[in-house]
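Beneath this line is the structure, given in structure tokens, with notes to follow.
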Amino acid sequence: MPELPEVETIARGLRSSLPGTRIVELTCYCGSVLAQEVEAVRRRVAGASFTGVSRHGKYLFLLLENALTLVVHLRMTGQLYMAPPGQRGDKHVHLEFILSSSLFKLVYRDVRKFGGFSLLDGSRMQDFLADKRLGPDALSIRAEELLTRCRRTRRPLKAVLLDQTVLAGLGNIYTDEVLHRAGLSPLLPARDLAAVEAKRLAKTVHQVLESAIRLKGTTLSDYRDANRQSGNFQNFLQVYGRRGEACTTCGGPVHKIRAAGRGTYFCPRCQTVDNASRPRGGVESGG
DNA sequence: CTGTTTACCTGGGGGC
DNA sequence: TGCCCCCAGGTAAACA
């Protein structure tokens with residue numbers, strides 16, 4: 001599941017090769033991965049050069065000349081990678097950008113076809129972002145802002161961290177890993193978060209994401225980077241996918257529950273709602 | 001407005 | 001070998 005570290009890894013991979021290359025032709029094998037009509041997209045991008053690559057949360061932005069932007073979301077199983085121009089893809093390849101480069105083409109592959117592209121012109125970008133109501137990027141959010149945003153709701157922390165309008169970039173895997181390392185229960189009502197906990201939470205978010213980026217993301221099944229390489233962070237997961245195994249902190253068994261509609265892994269001993277280190281009921285002074 | 005549930009889509013795994 | 005069923009989950013839409 002591509003989350004922030006996976007999307008960032010792809011962005012970095014593309015950024016080193018894509019800018020400066022020109023789109024010669026767009027071949028579409030499945031129209032549903034394009035938000036707009038296929039022929040309209042083909043006509044508009046043909047001949048345009050890539051100028052840059054950026055990211056916010058799990059959204060990837062491929063910048064083109066003439067203030068055109070291709071917004072990409074990989075959802076569950078989307079892959080965006082460079083491949084030799086002559087390489088033949090399988091039935092899950094839905095989009096191919098034939099480029100001016102003789103070295104590679106840009107390929108979109110997606111087994112479940114949840115993800116896809118939207119072509120926007122400069123004037124529509126703000127509308128797009130406003131419509132998504134994306135929160136601040138998880139890599140740069142500050143503790144004070146995280147605290148403010150958490151205290152707006154009684155929903156459990158798990159649901160709040162997954163909510164892209166609160167914080168953009170965390171998905172199911174990294175949310176569980178962050179909560180475990182921060183010693184916070186996924187079931188804790190976000191409104192009850194103490195300031196000291198928000199500080200710890202923000203710090204842990206940054207640490208986990210940066211560590212995962214260094215290791216080029218987590219590959220459990222489908223994820224591959226822009227060069228089709230697997231990530232390595234799956235070897236460092238503390239709780240995700242480890243039901244019944246020993247907690248790396250206390251040795252107790254990792255539990256799996258359903259929270260916010262998602263499979264949620266955590267250690268009830270290390271991640272309690274009644275955490276003695278957490279000031280309760282607004283007792284915390286200073287405010 | 002808030003919070004929860006469902007649809008989208010396909011492959012993989014268990015049971016038989 | 002193969003059929004049935006369920007599960008995985010990011011987001012949007014539908015729902016209470």
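By convention in this document, chain letters (A, B, ...) are assigned in the order of the sequence lines, proteins followed by strands, and residues within each chain are numbered from 1.
Listed by chain and number, the residues in a salt bridge (charged side-chain N to carboxylate O under 4.0 Å, His left out) with A:Arg269 amount to none (sequence neighbours excluded). A:Glu8 pairs by the salt bridge (charged side-chain N to carboxylate O under 4.0 Å, His left out) definition with A:Arg12, A:Arg55, not counting sequence neighbours.
A:Thr153 comes within 4.0 angstrom of the backbone, heavy atoms only, and of no base. A:Tyr174 comes within 4.0 angstrom of nothing in the nucleic acid, heavy atoms only. Across all strands, A:Gly261 comes closer than 4.0 Å to no nucleic acid atom at all (heavy-atom distances). Counting non-hydrogen atoms under 4.0 angstrom, A:Arg155 reaches the backbone sugars and phosphates but no base.
By the neighbour-count criterion of 12 heavy atoms within 6.0 Å, atom CZ of A:Arg142 is sparsely surrounded, having that number or fewer from other residues, nucleotides or ligands.
Read 5' to 3', the first and last nucleotides of DNA chain B with an atom closer than 4.0 Å to a heavy atom of chain A are B:dG3 to B:dG11.
A side-chain contact (heavy atoms from CB on, under 4.5 Å) with A:Val53 is found for exactly one of A:Leu60, A:Leu70, A:Leu63, A:Ile10, namely A:Leu60.
The bend of the helix from B:dT2-C:dA16 to B:dC16-C:dG2, defined by the angle between the axes of its first five and last five pairs, stands at 50° to the nearest 10°.
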Just list the side-chain donor-acceptor pairs under 3.5 Å for residues 207-222 of chain A, sequence neighbours left out, or say none.
unit_1, atom_1, unit_2, atom_2, d
A:Thr218, OG1, A:Tyr174, OH, 2.7
A:Thr219, OG1, A:Tyr223, O, 3.1
A:Thr219, OG1, A:Gly231, N, 2.7

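Closest heavy-atom contact between A:Ser49 and A:Arg22: OG-CB, 3.5 Å. Between A:Ala190 and A:Val160, the shortest heavy-atom distance links the atoms CB-CG2, 3.7 Å.
Rounded to an integer number of Å, the gap from NE2 of A:His73 to P of C:dG10 is 9 Å.
Both A:His92 and A:Arg75 sit near DNA chain B, but only A:Arg75 has its closest nucleotide nearer the 5' end.
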Can you give one letter per nucleotide of nucleotides 2-7 of chain C, 5' to 3': B if a protein heavy atom sits under 4.0 Å from the base, S if only from the sugar-phosphate, - if neither?
-> ------
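Between A:Asp110 and A:Arg75, no side-chain nitrogen of the basic residue sits less than 4.0 Å from a carboxylate oxygen of the acidic one, so the salt-bridge criterion is not met. A:Asp90 and A:Arg109 are joined by a salt bridge, as a carboxylate oxygen and a charged side-chain nitrogen come within less than 4.0 angstrom of each other. Looking at A:Asp192 and A:Arg154, no side-chain N of the basic residue comes within less than 4.0 Å of a carboxylate O on the acidic one, giving no salt bridge.
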